[in-house]
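These notes are about the structure you will find just below.
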Amino acid sequence: MGKTASVTIVGMGFVGLTTATVFTERGAFVYGVDNDAEKIRNIAKAKAPFFEPELDKLIKKSISSGKLMPTTDLSSATKTSSIVFICVGTPMRENGSVNLEFIEKVSKCLGKEIARARRYVVVCVKSTVPPGTTENIVKKNLETASGKIAGKDFGLIMTPEFLREGSAVADSRNPHLIVIGAGDKKSGSIVRRFFSDLYGRKANILETNIVTAEMIKYANNSFLATKISFINTVANICNRLPGADVDVIAGAIGADPRIGRLFLAAGPGYGGSCFPKDVMGFIDFCSNIGYDPLLLKATDAVNRQQVFSVLKLIEENLGPIEGKTVAILGTAFKRNTDDIRESVSIKLIHELLEKGARVRAHDPMALENTRKLLKDAISYASSVVDAVKDADCIILMTDWDDYKTLVRTLSKYAKRTLVIDTRRFLKMKSTGNLHYVALGRP
Ligand code: UGA
């Protein structure tokens with residue numbers, strides 16, 4: 001397969017769309033399939049359906065070069081593609097289990113296409129799925145709907161994705177690892193060749209079996225989530241220990257190569273569409289196979305509790321919250337995204353409202369999504385100045401670059417105010433009318 005390979009990517013969310021545009025940048029011809037017609041129309045007009053740095057520019061390039069073909073029609077896409085990536089969502093159900101309805105649906109539809117295909121098609125699952133899903137659901141559906149046999153008449157691969165929101169394009173351009181979980185030798189070598197053509201011979205490729213590939217993804221996200229819950233535990237201890245500083249501790253333990261410095265930034269807890277869902281999904285999966293994953297449960301419990309650590313800091317330093325005006329800076333679950341899914345900011349806002357606060361929120365990108373969710377329960381500030389003016393308490397939740405100059409703004413506009421910095425992002429100390437409190441420092 002040469003660089004002009006045609007592949008189909010089903011599901012134009014963060015992973016699917018970013019992967020599609022980066023593949024085209026590297027020479028592939030990609031059909032981007034989604035059943036959301038409006039999303040496809042927008043992509044065809046070179047508009048990203050969500051905010052992601054660099055993505056708009058890249059979509060424009062992919063569309064104008066004719067290499068990205070957005071479509072709602074799976075069958076026309078799969079007609080010329082030898083590799084099909086499944087990138088549909090696997091959201092969390094209320095009870096923490098993974099909702100696989102989109103995986104079910106897509107694999108059945110793909111099976112019907114494979115029934116008609118004359119060439120050997122390799123189906124690659126990129127969505128995060130509980131171990132066993134690729135073999136027990138995807139393979140079964142593909143075989144039943146096609147009347148063909150996996151490994152003989154078509155190929156099946158599980159290739160997990162490690163890109164992060166906010167740096168999806170950069171991560172996708174330079175993956176630290178490409179995992180190819182292959183059900184059979186032939187499809188493994190087809191997909192290896194595809195990735196080597198795209199990313200060069202030096203790409204770090206690991207070939208393994210399907211269930212190990214599925215486990216790698218859960219283990220990876222759960223380990224990172226555990227690192228965060230660990231450092232948040234240390235931060236909570238530091239808050240009660242005069243003189244102790246979580247960042248100095250993180251720097252020191254992170255210098256130990258056995259630990260590593262990344263993902264040791266203490267904060268309000270991890271959010272987003274991945275860690276909370278994947279840790280819960282992994283716990284649910286373990287229970288189903290008769291194992292009690294105590295460590296994962298602790299990771300999740302610490303994370304759920306962390307919003308109350310922030311709340312405690314507010315109450316200790318502000319007194320009763322009722323009737324106070326609280327400004328929340330940052331509603332996105334992290335910087336450089338407009339995504340508020342499982343954002344700890346939103347959880348904190350609910351807690352504050354419950355306690356009778358008047359909440360005013362600001363975010364450089366996520367305010368529209370926040371407004372859609374919280375409607376008129378809170379007010380929305382279009383500028384940082386509007387957010388902080390006359391607030392009794394200001395809480396920095398997301399470390400957007402836009403808040404770097406906050407200290408200057410505060411000294412000009414804030415009245416007697418409590419500033420809670422959940423990410424220790426602000427270079428400030430308490431002054432006459434500003435009382436500065438950082439999570440992880442006493
Ligand atoms: C995460 C993983 O990092 C990706 O490798 C993975 O591909 C992705 O999930 C996925 O499964 O799709 P993402 O959710 O986009 O990526 O964001 P992260 O940068 O991992 O941050 C997740 C949360 O952890 C955020 O709320 C962030 O603020 C928090 N975090 C992160 C910390 O509190 N401290 C840290 O040191 C790092």
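In listed order, ligands and their atoms are each counted from 1. All values derive from a computational prediction rather than experimental measurement.
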*Lys140/Glu135 ion pair, N-O < 4.0 Å*: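 A salt bridge is absent here (no side-chain N lies under 4.0 Å from a carboxylate O).
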Write out each pair where an N or O from ligand 1 and one from the protein are under 3.5 Å apart, with the distance.
unit_1: ligand 1; atom_1: 5 (O); unit_2: Phe162; atom_2: O; d: 2.7
unit_1: ligand 1; atom_1: 7 (O); unit_2: Glu161; atom_2: O; d: 3.4
unit_1: ligand 1; atom_1: 7 (O); unit_2: Phe162; atom_2: O; d: 3.2
unit_1: ligand 1; atom_1: 7 (O); unit_2: Leu163; atom_2: N; d: 3.4
unit_1: ligand 1; atom_1: 7 (O); unit_2: Leu163; atom_2: O; d: 2.7
unit_1: ligand 1; atom_1: 7 (O); unit_2: Lys217; atom_2: NZ; d: 3.1
unit_1: ligand 1; atom_1: 11 (O); unit_2: Lys217; atom_2: NZ; d: 2.7
unit_1: ligand 1; atom_1: 11 (O); unit_2: Asn221; atom_2: ND2; d: 2.7
unit_1: ligand 1; atom_1: 15 (O); unit_2: Glu165; atom_2: N; d: 2.7
unit_1: ligand 1; atom_1: 17 (O); unit_2: Lys334; atom_2: NZ; d: 3.0
unit_1: ligand 1; atom_1: 19 (O); unit_2: Lys334; atom_2: NZ; d: 2.8
unit_1: ligand 1; atom_1: 26 (O); unit_2: Gly271; atom_2: N; d: 2.9
unit_1: ligand 1; atom_1: 26 (O); unit_2: Phe333; atom_2: O; d: 3.0
unit_1: ligand 1; atom_1: 28 (O); unit_2: Arg423; atom_2: NH1; d: 2.8
unit_1: ligand 1; atom_1: 28 (O); unit_2: Arg423; atom_2: NH2; d: 3.3
unit_1: ligand 1; atom_1: 34 (N); unit_2: Ala265; atom_2: O; d: 2.8
unit_1: ligand 1; atom_1: 36 (O); unit_2: Leu264; atom_2: N; d: 3.4
unit_1: ligand 1; atom_1: 36 (O); unit_2: Ala265; atom_2: N; d: 2.9

Check: [X] ring centre within less than 6.0 Å of [Y] ring centre:
X: Phe85; Y: Phe23; value: yes
X: Phe14; Y: Phe50; value: yes
X: Phe275; Y: Phe282; value: no

*May I ask you to test the Asn336-Asp401 pair for a side-chain heavy-atom distance under 4.5 Å?*
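Answer no - side chains too far apart.
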*side chain to side chain donor-acceptor pair (under 3.5 Å) partners of Asn42, counting only residues at least two apart*: none
